[in-house]
Amino acid sequence: MGGKASHLPKESLSEYQELTFLTKQEINEAHKKFCQLQTRENGPMERVSMQIIMTLPELKSNPFRERICHVFSTSDRKDGSLSFEDFLDLLSAFSDSATLEIKSHYAFRIFDFDDDGTLDGEDLRKLVNCLTGETDDARLTSEEMRQLIGNILEESDIDKDGTVNLSEFQHVISRSPDFVSSFKIVL
Amino acid sequence: MSVFPQPGTSLGNQGPTAYELQQVVEKNTSELVSELANLSDRARIQAIRSLPMSYDDRRRIRSRAISVKTSKNIFNIDCTQHVSRSFRRIGASVASARQWLVVWHGTLKEIGGRFGTSVLSYFLFLKWLLKFNVFSLIINFCFITIPQIVHAPNISNVTGFRGLELLTGVGYFNQSVLFYGGYNGEVIVSEPPYNMQLAYFFTIAAYLVLCGVSLIYSMSRSFQKNFVLESGPVSGGAWRLLCSWDFSVVNEKAIQNNKNNLGTQLKESLSERLQMKHTMSVSERMKYLSLHVLAWLLSLGLAVGSCAGIYFLGIDQLETSKLDHNTNDLTVEASTLLLPVVVSLINLIVPLLYSLISIMERYSNPRAKIYIGITRNVVLKMSILGILCYYWLNSVPQKMACWESFVGQSVYRLLMIDFIFCLFGTFFGEFLRNVIGTRCVPSLGVPEFDIARNVLDLIYAQTLAWIGIYFSPLLPVMQVIKLFIIFYVKKFSLSMNCQPPKHTGRAAQMQTVFIALLFFPSFVGALSMVAYTVWSLKPSNYCGPFQGLQTPFDTILSWTVYIQNLPGTHWVWWIFENMLRNELFYYLVTLIIFVITYFLWQITQGRKELIRTLRQQIVNEGKDKAFLLNRLQNTQKQGRQKESFRNQEFDQTPHFNPNWINTLPLDM
């Protein structure tokens with residue numbers, strides 16, 4: 001699948017083009033990067049482990065890097081390792097031409113830390129902690145955190161069940177136009 | 001889109017058996033496949049791409065959809081294959097064309113990686129303007145300049161090149177194709193004959209129309225994306241901050257910085273929410289209101305004052321330049337630079353005064369402050385340009401022999417001096433501010449990159465370029481070179497001197513505002529000035545393509561008279577006579593546009609009503625869900641109680657709406 005050849009065969013390239021939002025150049029670039037990552041793996045492997053994926057400069061400092069790997073991994077062992085197709089999926093979701101629906105879907109799954117299909121208070125707390133700095137004047141106190149999560153739920157939890165589900169999340173996203181332009185990773 | 005199965009959503013804790021689950025999944029998949037098979041090729045590819053599943057699942061769905069489709073219509077295979085092949089070929093060529101067009105990919109990525117999307121938007125705007133100007137340069141060069149050069153190289157230089165011309169545009173450039181005066185409106189004898197008057201007129205007109213169309217297009221798209229969606233009853237302060245986390249930032253330090261900023265912003269939004277609850281007293285409100293009024297009076301006064309200054313300076317220069325005719329004198333030539341320097345100085349200093357004024361005001365939210373700052377600066381810049389246009393169109397034509405060239409040269413000088421001031425401003429404004437902030441007064445810190453100010457400067461320069469397009473057809477050359485240099489200078493200054501802005505978010509909205517500004521006062525203003533010149537002003541008698549005519553538009557009139565006599569072109573004359581010169585036609589067009597606008601407005605109102613109802617339904621559904629859960633718990637509890645006390649009876653009747661399932665939102 002990933003292949004050790006430096007060039008992708010033409011048929012698979014056109015299939016990749018058809019099934020992802022990436023252009024030919026982007027797929028070739030991704031393939032080159034992925035082959036480089038593969039050579040750092042011990043022995044020939046189809047999947048690249050999470051630790052090695054996270055050394056990519058585009059992901060290295062990302063606060064959600066582990067979540068991103070877990071969400072896009074199709075590994076049976078749930079270890080966050082990525083095959084080339086998973087890697088393309090990742091880049092496709094974060095590409096310029098991906099639709100709002102795809103982007104918000106994956107954003108939801110990335111923010112859903114316990115993988116239970118809804119964003120509850122605990123998920124939101126982790127999300128805010130991921131996004132705020134460690135310095136004293138940036139860290140939220142527990143009182144502020146409680147208030148913030150209360151506000152968030154008040155804004156977005158339309159059916160008042162105490163959690164934010166996917167459609168509620170997409171509703172929020174559709175009203176923050178900056179999301180599409182900032183949910184983007186370019187190789 | 002509702003049929004797409006959504007993995008990750010929990011199926012409740014009732015726990016259907018694995019077999020049932022599998023069946024449900026299979027049923028969903030086959031529904032999806034049959035729906036996909038009914039779509040056209042293009043739509044199917046797009047729909048499969050948008051499935052939120054893993055790559056292998058998508059591939060499976062795709063092969064199933066294709067096999068269903070081929071089994072359905074065997075006869076159509078040739079056609080679909082043909083279509084899909086040509087589709088793929090077009091896609092590939094578009095992609096390769098895009099790769100050719102994507103300049104500065106690496107640089108832009110680097111900027112986005114360090115400073116985030118909001119700063120990147122400035123550079124994208126710059127790149128967009130650059131493309132615009134390259135396009136207009138190509139058009140003007142091909143249809144006006146090349147025929148003129150080939151036909152009659154009109155170079156009768158009295159003076160040699162001295163260097164100062166680069167700034168002033170007179171002397172060596174005076175009779176060159178850079179300006180209006182360098183063209184003559186002869187008919188170039190060829191087969192078919194090439195009429196320079198018509199070429200000049202139609203090229204400028206076509207360029208302006210194309211500019212207008214592309215501006216309206218990008219503006220409406222941007223509006224649709226960023227404003228319409230946003231209107232809603234809930235103010236999403238905290239969510240907006242969380243959702244605008246910039247994944248494209250890859251620099252370690254920048255990410256730390258972003259995190260700290262986000263933390264501070266979240267705290268601010270919390271405290272704002274608390275503050276909103278306590279209301280201001282009447283006296284306080286009066287105080288703020290009077291401060292606002294004072295600030296507006298001051299800023300408008302400054303704008304009016306600078307306009308008056310510019311106007312009288314221009315009139316004065318016009319008088320003195322008439323007195324001495326010795327054009328070879330360097331000091332006289334240099335003195336023409338006085339007006340552009342004054343204008344650029346005003347553009348540099350008055351915005352600083354405006355920001356001083358805004359310090360004394362107090363706004364409830366920072367966004368209002370930004371928008372009011374932008375409004376004041378736009379008013380200043382546009383009134384300066386307005387007074388300049390008035391001076392050029394009203395005072396200059398009576399006093400100059402070749403007034404169009406004079407106006408072209410004035411615009412050229414303004415652009416050049418503005419460019420130099422921009423470079424100096426980058427150096428002194430950002431570099432020195434950085435040195436002061438880091439060495440002398442550490443409390444000031446490293447300066448932020450002021451996106452609004454920089455974008456407004458770009459809009460100002462572009463307005464000038466549009467105004468000058470009629471008087472100096474090769475002005476886009478200047479603009480292209482200028483933008484190209486500014487891109488690198490700003491990038492360098494950004495990475496050396498600046499830090500990313502602290503208040504992020506709303507970048508997309510700002511982008512829309514900037515495009516709208518570029519359209520409304522800027523493009524519309526320039527267009528009306530050029531239109532006024534073409535329709536109502538008498539062109540100069542001894543230079544330029546329209547010499548000897550009453551107005552430049554007369555060339556079209558004489559052309560239609562000529563065309564009337566040609567066989568086979570009668571329809572052109574008919575269109576001209578019955579549509580373009582007919583008031584009734586415009587009246588009808590306006591009426592139709594009004595009717596369409598009214599219909600669209602009504603549709604929007606209807607949609608708003610629908611959204612409101614749907615939201616209400618979601619709320620109702622939530623209530624129903626809570627009620628049902630409650631019921632379930634009660635029943636369970638009672639069941640347990642019944643186990644212990646067997647003789648207890650139910651007396652509660654279910655009183656929830658049995659049709660609650662109909663209140664589900666149709667398609668969110």
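Letters A, B, ... are given to chains in the order of the sequence lines, protein chains preceding strands, and every chain is numbered from 1.
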Part of [X] lying under 4.5 Å from any heavy atom of chain B:
X        : value
A/Phe72  : neither
A/Leu59  : neither
A/Phe169 : side chain
A/Val186 : both

Checklist entry - Relative to chain A, which segment of B/Arg58 carries a heavy atom at a distance below 4.5 Å: side chain, backbone, both, or neither? => result both
Item to check | Heavy-atom contact with chain A under 4.5 Å, split by part of B/Ile45 | outcome: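 Both backbone and side chain.
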Atom pair [atom1]/[atom2] of [X] and [Y] - distance to nearest 0.5 Å:
X        : Y        : atom1 : atom2 : result
A/Ser61  : B/Gln256 : OG    : CD    : 9.0 Å
B/Asp57  : A/Leu19  : CG    : CG    : 11.0 Å
B/Leu614 : A/His171 : CG    : NE2   : 10.0 Å
B/Ile48  : A/Thr20  : CD1   : OG1   : 12.5 Å
A/Ser83  : B/Asp56  : OG    : CG    : 6.5 Å
A/Glu15  : B/Ser63  : CD    : OG    : 9.0 Å

Indicate yes or no: at least one non-hydrogen side-chain atom of [X] is less than 4.5 angstrom from one of [Y].
X        : Y        : result
A/Thr74  : B/Tyr55  : no
A/Glu58  : B/Lys109 : yes
A/Ile102 : B/Arg49  : no

Checklist outcome for this item: Correct closest heavy-atom pair for A/Phe21 and B/Ser50 would be CZ-OG, 3.8 Å
Item to check | Contact summary for A/Pro57 and B/Val250, nearest pair of heavy atoms | outcome: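 Between these two residues, the closest heavy atoms are O-CB, 3.7 Å.
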Counting heavy-atom pairs closer than 4.5 Å to chain B, which one of [options] comes out on top?
options                               : result
A/Leu131, A/Thr99, A/Val180, A/Leu127 : A/Leu131
A/Asn62, A/Val128, A/Ile185           : A/Asn62
A/Ser182, A/Ser104, A/Cys130          : A/Ser182

Item to check | CD/A/Glu144: more than 12 non-hydrogen atoms of other groups inside 6.0 Å | outcome: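 Enclosed.
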Checklist entry - Any idea how B/Phe247 and A/Phe94 line up, ring-wise: parallel (<30°), tilted (30 to 60°), or perpendicular (>60°)? => result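 Answer is tilted, since the angle falls between 30° and 60°.
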